[in-house]
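Before any comments, here is the structure.
All residue numbers refer to positions in the sequence shown, counting from 1.
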Amino acid sequence: MEQLVTSPDNSAPARSRTPHQLLLSDEQQTPGTPRRTRRMRRTLAVTALFAAGALALSACGGNAEAGGHDDGKNGQAGADAAAAKDASDAKITVSSKDGATDASINDTGVKVTGGKLTDVKLTVADTGATVAGAISSDGKSWKPGVQLERGTKYKIVANAKDAKGRSATENATFTTVSSANSFIGSYTPDNGKTVGVGMPVSFNFDKVITNKKDVQSHITVTSSSGQQVVGHWFGAQRLDFRPEDYWKAGSKVTMKIDLDGVKGGEGITGVQSKTVTFTIGRSQVSTVDMDTQMMTVKRDGKTLKSIPISGGSPDNPTYNGQMVISEKFVQTRMDGSTVGFGGEYDIKDVPHAMRLSSSGTFIHGNYWGSPSIFGKAGTSHGCVGLQDKKGGGGDTPGKWFFDESLVGDVVIVKNSHDKTVQPDNGLNGWNLSWSAWQAGSEA
């Protein structure tokens, strides 16, 4: 047989080799075969193995037809289409977008169409604490049971099933708007309260509002009486609402706060979304005449009682004007140093005190003054005093008026030698004419 291997002494052409000989293993080689030939054979064998591996990889990707050139996309697309065809009809929507950094603290929730929610879990991302919530009776929505915290990162996982029992899941991670980048308005009166006919709706915002028009337009105040209600800005952080005349007794007032997402100015966004309803009680307007040192209390237009008082002294007269009771205290401390009177007085147990101005004007019980001053002389530092007893006990004018009064009742002071109280000193916007009030609106 012809020697087919190549050696330094015998250089045969490569075409004279047979396939069988090329695939012989090292163990099958003729003794003395040069190592170069073995390396060549190994190279050819490895090449064959790589080719086989490539075929295996292409088959894993999808189309494995013999002789095909498919890169796997058509096969995967077919699989995706099949999965989509069998997917759940339930479509879950989370109100706070995944990745949001200015999510609402009020309106976070989940809704589903084409199915019903089975469970929803909302947690604080940093601590894992669960936020309680409830799925609606029809299974179509979920809301947290509490208002979310500002500037906090949350994670939500919502699951649902369609009519065929097929599952759907939605995940989202979001961060609520921060305190630095949001604004809130503290308001009065609160929901469910019954107040007097002079009670305005008053907002005090915790940030300076430069976009007043948009902010005001997202707060609406309406009355069952049909009275027109107009907002008025006192500076950049206070917004009050009132009708032209006092509220109608017995009417219902509804305040709709829709500030969530509203831009209040550069870099600040509203976060409040709430509806508040309060009731206007009977009409009570009391008039204090400093000339006579008497107060006449009228209810629903009829005189209920006349009460002797002791108003401000000649050196410290009481403000004139229409003032609204904004707070009531069964007993409180009155320290003159807090309102600019130094150490002139500090009475720690003033009974039956009702605030009439932010600057410290009260109508209150007075147990330390002689009974002879009431109805005769003004002796106070600007307040309106009613005869009372220490500790507030007994049947006294001070206790009677306190018990018969509501926050929001009007006390009018006339014939004093002082100026009229400023409309923003307390809830006293009634001292502005209707035209002046409307001029302060941004509507």
Side-chain angles (χ1 to χ4, degrees), residues 185-206 209 216 219 221-223 225 227-249 251-255 257 276-288 295 297 318-329 332 339 352-364 382-384 401-402 404-414 416 418-434 436-441:
S186 301
Y187 58 85
T188 189
D190 206 351
N191 189 56
K193 298 292 186 180
T194 297
V195 296
V197 295
M199 188 70 186
V201 169
S202 184
F203 276 84
N204 283 279
F205 298 105
D206 63 351
I209 304 299
Q216 183 175 331
I219 303 173
V221 182
T222 57
S223 173
S225 66
Q227 291 171 278
Q228 180 189 11
V229 184
V230 174
H232 180 97
W233 287 89
F234 293 108
Q237 291 183 246
R238 178 173 167 184
L239 173 61
D240 285 13
F241 293 83
R242 52 157 270 211
E244 181 175 4
D245 300 311
Y246 300 145
W247 302 102
K248 299 296 183 184
S251 58
K252 300 285 186 182
V253 180
T254 300
M255 170 176 53
I257 308 167
V276 174
T277 301
F278 58 93
T279 301
I280 305 300
R282 76 290 175 277
S283 172
Q284 182 167 301
V285 179
S286 303
T287 302
V288 175
M295 178 172 69
V297 182
T318 306
Y319 287 129
N320 284 296
Q322 303 171 75
M323 290 179 269
V324 173
I325 296 173
S326 59
E327 291 181 288
K328 293 179 67 179
F329 304 96
T332 191
V339 289
H352 303 127
M354 292 175 280
R355 182 182 292 278
L356 298 178
S357 78
S358 301
S359 61
T361 308
F362 281 79
I363 184 166
H364 61 78
C383 292
V384 177
F401 187 67
F402 184 90
E404 294 295 327
S405 296
L406 294 173
V407 167
D409 281 350
V410 180
V411 176
I412 301 172
V413 177
K414 66 180 184 178
S416 174
D418 203 354
K419 61 186 177 182
T420 298
V421 67
Q422 289 295 309
D424 61 344
N425 186 359
L427 303 177
N428 300 325
W430 301 104
N431 294 287
L432 283 176
S433 68
W434 185 234
W437 185 267
Q438 291 175 307
S441 174

Output all residues satisfying side chain to side chain donor-acceptor pair (under 3.5 Å) with [X], sequence neighbours left out; order by chain, then residue number.
| X | answer |
| --- | --- |
| T194 | none |
| W437 | none |
| S186 | none |
| N425 | S359 |

With a cut-off of 6.0 Å (strictly less than), are more than 12 heavy atoms of other residues, nucleotides or ligands near NZ of K248?
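For K248, atom NZ is not crowded (no more than 12 foreign heavy atoms under 6.0 Å).
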Does the distance from a Lys or Arg side-chain N to an Asp or Glu carboxylate O, for R238 and D240, drop under 4.0 Å?
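Looking at D240 together with R238, the answer is yes, because their closest N to O distance falls below 4.0 Å.
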Just to verify, what does [X] make a side-chain contact (heavy atoms from CB on, under 4.5 Å) with, not counting sequence neighbours?
| X | answer |
| --- | --- |
| K414 | T287, D289 |
| V229 | V221, F241, W247 |
| N431 | Q322, T420, V421, N428 |
| D190 | Y187, K193, K274 |

I'd like to know if the side chain of [X] and the backbone of [Y] have a donor-acceptor N/O pair within less than 3.5 Å.
| X | Y | result |
| --- | --- | --- |
| N320 | D418 | yes |
| T318 | G382 | yes |
| S223 | Q227 | no |
| K328 | F402 | yes |

Listed partners of Y319 passing ring-ring contact (aromatic ring centres under 6.0 Å, His included), at least two apart
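Applying ring-ring contact (aromatic ring centres under 6.0 Å, His included) to Y319 gives none.
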Could you tell me which residues satisfy ring-ring contact (aromatic ring centres under 6.0 Å, His included) with F401, sequence neighbours excluded, listed by chain and number?
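For F401, no residue satisfies ring-ring contact (aromatic ring centres under 6.0 Å, His included) once neighbours in sequence are set aside.
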L406/R282 under side-chain contact (heavy atoms from CB on, under 4.5 Å): CA gap, chis, key distance, verdict
CA-CA 9 Å; L406 294 173; R282 76 290 175 277; 3.5 Å; yes
Which residues pass the salt bridge (charged side-chain N to carboxylate O under 4.0 Å, His left out) test with E327, sequence neighbours left out?
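Only R355 meet the salt bridge (charged side-chain N to carboxylate O under 4.0 Å, His left out) criterion with E327.
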With a 4.5 Å heavy-atom cut-off, do T332 and H364 have their side chains touching?
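Not touching, per the 4.5 Å side-chain cut-off.
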Contact between I325 and L356 at the side-chain level, heavy atoms closer than 4.5 Å - yes or no?
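Touching, per the 4.5 Å side-chain cut-off.
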Aromatic rings W430 and Y246: how do their planes relate, parallel, tilted or perpendicular, breaks at 30° and 60°?
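Answer is perpendicular, since the angle exceeds 60°.
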Closest heavy-atom pair and its distance - [X], [Y]:
| X | Y | result |
| --- | --- | --- |
| V407 | S326 | CG1-O, 3.8 Å |
| G231 | S441 | O-CB, 3.0 Å |
| S405 | Q284 | OG-NE2, 3.6 Å |
| L432 | A436 | CD2-CB, 4.1 Å |

